[in-house]
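Lettering follows sequence order; numbering is per chain, from 1.
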Protein chains: 2
Amino acid sequence: MPYDPSAFPPFAVTVDLVVLTVRRHALCALAVRRGEPPFQGRWALPGGFVRADEDLAQAAARELAEETGLRAHDPSVPAQDNGAHLEQLATYGDPKRDPRMRVVSVAHLALAPDLPAPRAGGDASNARWAPVDELLQQGGYGRDGEPVAPLAFDHAQILSDGVERARSKIEYSSLATAFCPTEFTVGELRRVYEAVWGVALDPRNFHRKVTGTPGFLVPTGGTTTRQGGRPAQLFRAGGATLLNPPMLRPEV
Amino acid sequence: MPYDPSAFPPFAVTVDLVVLTVRRHALCALAVRRGEPPFQGRWALPGGFVRADEDLAQAAARELAEETGLRAHDPSVPAQDNGAHLEQLATYGDPKRDPRMRVVSVAHLALAPDLPAPRAGGDASNARWAPVDELLQQGGYGRDGEPVAPLAFDHAQILSDGVERARSKIEYSSLATAFCPTEFTVGELRRVYEAVWGVALDPRNFHRKVTGTPGFLVPTGGTTTRQGGRPAQLFRAGGATLLNPPMLRPEV
DNA sequence: ATCATAGTCGTCTGCCTGACGATAAACACT
DNA sequence: AGTGTTTATCGTCAGGCAGACGACTATGAT
């Protein structure tokens, strides 16, 4: 095909973000309320246009910072604090996914520790952490009794893909620690797995597995009783990124 | 951010293909020679612009058919013959990746059985299957003694990501069968794993593993001696897509 | 003091893998 | 026909790891 600038159609390119966190034992995603049509008033994933001089990862990191104040974890700086994990998820380009024009969206997945209230342009009522089950259920009523509308555009599909990616990725990587604060206990880490997978795990076997995997956890020396019960050792995430053998997700 | 058509820059969107196959015990990728600048005369991955009314997967399937004659496997039709596996790989959007203009490329990964000669616009000299090691090595000389130039654009990165995806995906899925003809032997399947991973596997343990995994292989009843030696049973790919427990890749 | 809660250490059993011996069935020679 | 070579296939054994679960420890709440 010879090069002809008129031979290709112009696209708008956006990044959309699936920002996941664990709050109150539930896997939650960041949702923002749309202020203008289409889908005005509906919840959607945060996102925005990629700028002319911007890489895709930069655009995703910028949007993440704008929506949450989080800085993305630079993979070259292992021991960075309070940064979210950010990775490209997939790209969605159905010709009809945006009724206005042809938009290709490069979705990214961010995993963040539990945060204070979100902010969207300073307006808290237009951004919230919602349990992913609630965001993904079609119709019906949420836990507060209000009717639930499906997410705008194809964002339910994107969110679903992001959740699936997170579920499988914590199996074979140490990424579950991205949901935890800098220092955390084995029990807190276990509750992350339980929230993301939606299952109950045996505390004894889990403890044996994570403390026995070299490089996964580094003890800080401190202890805490913030969960009640016997004081628990505090750990930081170790240098290992890949878990081998992986953490096994129970059947069904 | 209010909607303003002038607020976003226009992008060109392309699909690039990493088409992998196993030939003569080596993992090979399809490369095409560029006929015009930039990178004129250099090898590149096949690809092209996404059309105005086309989904990304459609565009990838169209390019795959144009370059190889392969039809992409429709995931909803399990027992389809001679179709290639096609999946989205990742999206590359560095502002400077194409010197002409801002191009975002949605790379796709295709796994195909060994094919006759490739064709690129009917001209065989402009398309070839090349061992991925050869395409990825920087400079130096290929096996035929000719100097090796790096792939055009960021295609070395894309190819490298595609190979890594294929290597990890055959661990926990039955995708290795996508490299095989419709009917194949356990030994042929083992040689696929050996070529993709670049390791030697124990034939006895491999045989035990694949024949013992329910749904992976279905015996057709026939046998063949095309590999020499004792006749081997022929199999077809079974319905299972996920391998649990996975096939373990040897260390190092 | 007693209870509830959470954390930590052990034990046992079964499954899976890696290492490897042994046999089987073809073909290519002599 | 016999011998060697090649590939396929079955078996055995030991070690590692996961699931199930018992036991004990150290807090705070009542």
Side-chain angles (χ1 to χ4, degrees), chain A residues 24-25 170-172 180 183-195 197 199-236 240 242-252, chain B residues 24-25 170-172 180 183-195 197 199-236 240 242-252:
Chain A
R24 281 182 269 117
H25 295 200
I170 64 173
E171 286 188 49
Y172 59 88
C180 294
E183 296 200 346
F184 54 89
T185 69
V186 173
E188 289 164 350
L189 183 62
R190 175 168 48 81
R191 281 180 278 277
V192 164
Y193 275 92
E194 291 178 334
W197 284 344
V199 298
L201 299 175
D202 185 292
R204 297 157 291 187
N205 293 335
F206 184 86
H207 189 277
R208 178 182 61 192
K209 174 69 177 171
V210 296
T211 57
T213 299
F216 194 3
L217 299 183
V218 183
T220 67
T223 62
T224 182
T225 61
R226 62 184 171 222
Q227 300 290 338
R230 172 176 164 180
Q233 276 189 82
L234 286 170
F235 295 88
R236 262 186 291 106
L242 252 50
L243 262 41
N244 203 324
M247 182 84 58
L248 291 184
R249 173 159 33 162
E251 312 285 314
V252 183
Chain B
R24 283 182 269 118
H25 296 198
I170 63 174
E171 286 187 49
Y172 58 89
C180 294
E183 295 199 345
F184 54 90
T185 69
V186 173
E188 290 165 348
L189 183 63
R190 175 169 48 82
R191 281 179 278 275
V192 164
Y193 275 91
E194 292 179 333
W197 285 345
V199 298
L201 299 175
D202 185 289
R204 297 157 290 189
N205 292 336
F206 183 87
H207 189 277
R208 177 182 61 193
K209 173 71 177 173
V210 296
T211 57
T213 300
F216 194 3
L217 300 183
V218 183
T220 67
T223 63
T224 182
T225 62
R226 60 183 172 225
Q227 300 290 337
R230 172 177 165 179
Q233 276 189 83
L234 285 169
F235 295 89
R236 261 185 291 107
L242 252 50
L243 262 41
N244 205 321
M247 182 85 58
L248 291 184
R249 175 160 29 164
E251 312 288 313
V252 183

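- Within the 4.5 Å cutoff, the side chain of T185(A) has heavy atoms near those of the T224(A) side chain.
- Between K209(B) and the phosphate of dT17(C), there is a side-chain N or O to OP1/OP2 separation shorter than 4.0 Å.
- Atom pair F184(B):CZ and dT7(D):C1' shows a separation of 17 Å (rounding to whole Å applied).
- Other residues, nucleotides and ligands place no more than 12 heavy atoms under 6.0 Å from the CZ atom of R24(B).
- At the heavy-atom level, R191(B) lies under 4.0 Å from the strands shown only through sugar-phosphate atoms.
- A heavy-atom distance below 4.5 Å is found between the side chains of V210(B) and F206(B).
- Y193(B) places a side-chain N or O within 3.5 Å of a backbone atom of I170(B) that can act as its donor or acceptor partner.
- For the pair F235(A)/C180(A), no side-chain contact is recorded, criterion being any heavy-atom separation below 4.5 Å from C-beta on.
- Comparing P246(B) and F235(A) along DNA chain C, the residue whose closest nucleotide (by nearest heavy atom) sits nearer the 5' end is F235(A).
- For the pair V186(A) and T211(A), the minimum side-chain heavy-atom distance is below 4.5 Å.
- No side-chain heavy atom of H207(A) sits less than 4.5 Å from a side-chain heavy atom of R190(A).
- If you check every strand for non-hydrogen atoms under 4.0 Å, R190(A) touches sugar and phosphate atoms only.
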Report, one pair per line, the protein and nucleotides 9-14 of chain C atoms (nitrogen or oxygen only) whose separation is under 3.5 Å.
| from | atom 1 | to | atom 2 | distance (Å) |
| --- | --- | --- | --- | --- |
| dT11(C) | O4 | R208(A) | NH1 | 3.4 |

What string of B, S and - do you get for nucleotides 25-30 of chain D 5' to 3' if you count protein non-hydrogen atoms under 4.0 Å?
-> BBB---
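- Regarding D202(B), its CG atom lies at a distance of 16 Å from the C1' atom of dA14(D), rounded to whole Å.
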